[in-house]
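All ligand and atom numbering here is 1-based and tracks the order in the structure. Sequence positions, counted from 1, serve as the residue numbers for this chain.
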Amino acid sequence: MKQAPKHPVRLERQGNVALIVIENPPVNALGVAVRRGIAAALNAAVAHDKTDAVVIAANGRTFPVGADIREFDMVPQEPSLGQLCNLIERAQKPVVAAIQGTALGGGLELAMAAHYRIAVKSARMGLPEIHLGTLPGAGGTQRLPRLIGPELALDMMLTGNQVGAGIAAEMGLIDLVTDNDLRTEAVAYARSVAVTRPTSANRTHLVDGVGYMASVAARREQVTMELGANALAPHRIVDCVEAALLLPMETGLEVERSAFKDCIASRESEGLRHAFFAERAAAKFPEAAEAKPAQVDRVAIVGGGMMGSGIAIAALQSGFAVTLVEQGESGVNAALERIGAYYERSVAKGRLSEAQGAAALTHLQLTNKLDTLGEADLIVEAIAEDFDLKAQMLAEIGALAKPDAVIATNTSYLDLAALAEASGRPADTVGLHFFAPAQVNKLVEVGVHDGASAQSVMTAQGFARALGKTPVRARVHAGFGAGYIGNSILEAYRHAADIMLEDGATPAQIDGAMRSFGFQLGPYQVADMSGLDIAYARRQSKPRDPDARYVEIADKIVEQGWLGQKSNRGYYIYAEGQRQGVPNGDVLKLIAEHRAQKGITPRKFSDRDIRDRILLAIVNAGARLLGEGVAARPSDIDVVMMLGFGYPRSRGGPMMDADATTPSIIASRLSVLAPEEPALWGAAPVLTMLAQERQKFADLNAS
Ligand code: 3H9
């Protein structure tokens, strides 16, 4: 974050209007210096006998986006945001909030404590605290229902969704929307309002007590049905909104304060806050010191299969001109059908209007001519995962691409450095590993090899960010086996699961144990969904670790012709068109025969054993990647696992979870398992080091 200016709040005058200007880049977060500055400026402004009204405004791209989240883990400093909001509301002269950008969280609470609110048309407002496992804690739960009623207030707080200024005005949240210069309009508006208007005294939506309580009861039931009785923040939001009707403002604020404290102290909020900062830390690439992303206007994608088409759609949605190159007429037609079907579904589901769908397609050029690549600023190779095919294609791309273009390969495990060499332009070539479905999944791993230039890395990262993705840097060493962060960890995950499968567990039991931990799907459900043949091909083409135990069950299933959902039969059996399967009894028989052949007497694993072993495998693989320098920081691994593999976000990712257990306990648990399968359970050197030094993975985030 940029250095905050010395005085993040200034008091200016425009005749009889005092202007309090917040300037705390980049997002005007309401840290302690800002809160103190506003309080002091407000007291001075109100005390001045020439002041008839006060405007609170912010410089830069946005009105405050909330409390400074980093302060949640620190000793609270006065005035709290809640105290500041009360001070604003009790001011003896009218206070107007002037909103541009996004007024979020505590920023919107501050605006709601002002007596009047004016916003530019493009402004948006929201209370996203729920995404951090908490609730508005500076009076928002008490003021919002008073301004817009319980129904809309609960909607905003339980979803965290933003509303535009126009809709906010219709709701009663904003008094005036302007197209003109905000500051000028706000000052003029402040002159026109003669009296203070405390939101806490607004009873418009409190008079219909019966209707109010009906809304609260319905929402409480909905939260219980959808999220369960223990979902802390959502239930406490409903409680606070109820308190807004039943209790005087002062007491309602106390209820809110105590609920906020409980939420902030929860493991869930800690995990979600870690996730927030981890995603932002991942964006910090060392190459940024040397290069800035180059401008990318036209993107070319080579290969229009599921992955290539998904990348094309993601690029079209973000406004890029896209060239998609496929082989022959049939390849072009198949890609067109795939992309067209996506847009038809989006229109049918109301996500896009027909005009938007048609407009997006006008930016797509579908061709079977490779020489069109010369027009592209960035080219993504997304053909089949076969080294020779990719190397040959990259050589052609390298010859055709314009001199300053960036070449990206979507490989997930082939040797990136060797592929970059094959392009003939290793400095221009990087990895861009998208996750299926590429138009939806937010994760992109940016593969960096020794020969890649900082410029090409930063341009690839900039492109991923422009797609609205979260890029994570993976330092892929030449010849390093699995390559990227995600797939390396997935391999360890599957290896731990497969060993238990061979030794006595069933696919459904393993999947169930991982679902109960918080994953949406277990490993065998994911395997069925991705296609068992894909992983099979990878296993056949990749060198195997001679020291690792090899479990042949997955190979034997594919050899039966059972490929997962695509053939309606894999670890589970699927009715035509269904994604929910029932356990495949033939697979259970196959596993029993397999165990008998290998002389394995099945043993029992509890759900807890399953979960522990898999989580230990994930953490150990993560520690190994840190030691090898593939992942730069533990929090990058957390991001990959949360965004790419559905690790529960409220836990903050596996490395954060490992810190909660402590690395030394993890290391001692691994030492118990290590004799069973040293390749998997032998503690990674980084883990041993942390255990010996009594440190945590978080200590490596800071360095
Ligand atoms: C709250 O308000 C609680 C109150 O109800 C009660 C209190 C008692 N604090 O995302 P970006 C940093 S809870 C500290 O890359 P964008 C961010 O880490 C809060 N830092 O930009 C990054 O730093 P760096 C409720 C913050 O344009 C830099 O700003 N509000 C905060 O893609 C740029 O951020 C929220 O939950 C913060 N609140 O997106 C809103 N926000 O450069 C959280 C940002 O060092 N913020 N930073 O990596 C967001 O959703 C996005 O940042 C926003 C801008 C949409 C605003």
Which pair of non-hydrogen atoms, one from D657 and one from R651, has the smallest distance, and what is that distance? OD2-NE, 2.7 Å

As a quick check of understanding, evaluate ring pair (Phe, Tyr, Trp, His ring centres under 6.0 Å) for F435 and F645, giving each step before the final call. CA-CA 9 Å; F435 285 69; F645 298 97; 5.6 Å; yes

Heavy atoms only: which of G105, P64, P128 is nearest to atom 35 (C) of ligand 1? P128

Which atoms of ligand 1 have any heavy atom of P136 under 4.0 Å away? 5 (O)

Is the side chain of E226 donor-acceptor paired with the backbone N or O of V223 at a distance under 3.5 Å, no angle test? no

Selection from E109, E256, K261 by shortest heavy-atom distance to atom 5 (O) of ligand 1: E109

Heavy-atom contact check, 4.0 Å cutoff: does G82 meet ligand 1? no

Heavy-atom nearest option to atom 37 (C) of ligand 1, drawn from G137, A67, G66: A67

Do any N/O atoms on K284 end up under 3.5 angstrom from N/O atoms on ligand 1? yes

Pick whichever of R61, R35, E279 has a heavy atom sitting closest to atom 21 (O) of ligand 1. R61

Are any non-hydrogen side-chain atoms of H131 and L272 less than 4.5 angstrom apart? no

Find all atoms of ligand 1 within a distance of less than 4.0 Å from any non-hydrogen atom belonging to E129, and give their numbers and elements. 1 (C), 2 (O), 3 (C), 4 (C), 5 (O), 13 (S)

Between L432 and V444, is any pair of side-chain heavy atoms under 4.5 Å apart? yes

Determine whether V54 and V96 make a side-chain contact, defined as any pair of heavy atoms from C-beta on separated by less than 4.5 Å. no

Which value, rounded to the nearest 0.5 Å, describes the distance between L127 atom CG and M157 atom CE? 6.5 Å

Can you tell which of F276, F260, F277 gets a heavy atom nearest to atom 46 (N) of ligand 1? F276

Heavy atoms, side chains only, cut-off 4.5 Å: are R61 and P26 in contact? yes

At what distance, to the nearest 0.5 angstrom, does CD1 of I20 lie from CG of L42? 4.5 Å

P26 to ligand 1, any heavy atom closer than 4.0 Å: yes

Tell me whether H131 reaches ligand 1 (any heavy atom closer than 4.0 angstrom to a ligand atom). no

For ligand 1, does L132 get within less than 4.0 Å through its side chain, its backbone, both, or neither, judged by non-hydrogen atoms? side chain

Would you tell me which option among V65, L104, V27 has the nearest heavy-atom contact to atom 30 (N) of ligand 1? V65

Is there side-chain contact between Q439 and L316, with at least one heavy-atom pair below 4.5 Å? no

Test of proximity, R465 against ligand 1: N or O pairs below 3.5 Å: no

Ligand-side contact atoms (ligand 1) for residue partner R280, heavy atom cut-off under 4.0 Å: 10 (O), 11 (P), 15 (O), 17 (C), 18 (O), 48 (O), 51 (C)

Could you list which atoms of ligand 1 come closer than 4.0 Å to a heavy atom of F72? 3 (C), 13 (S)

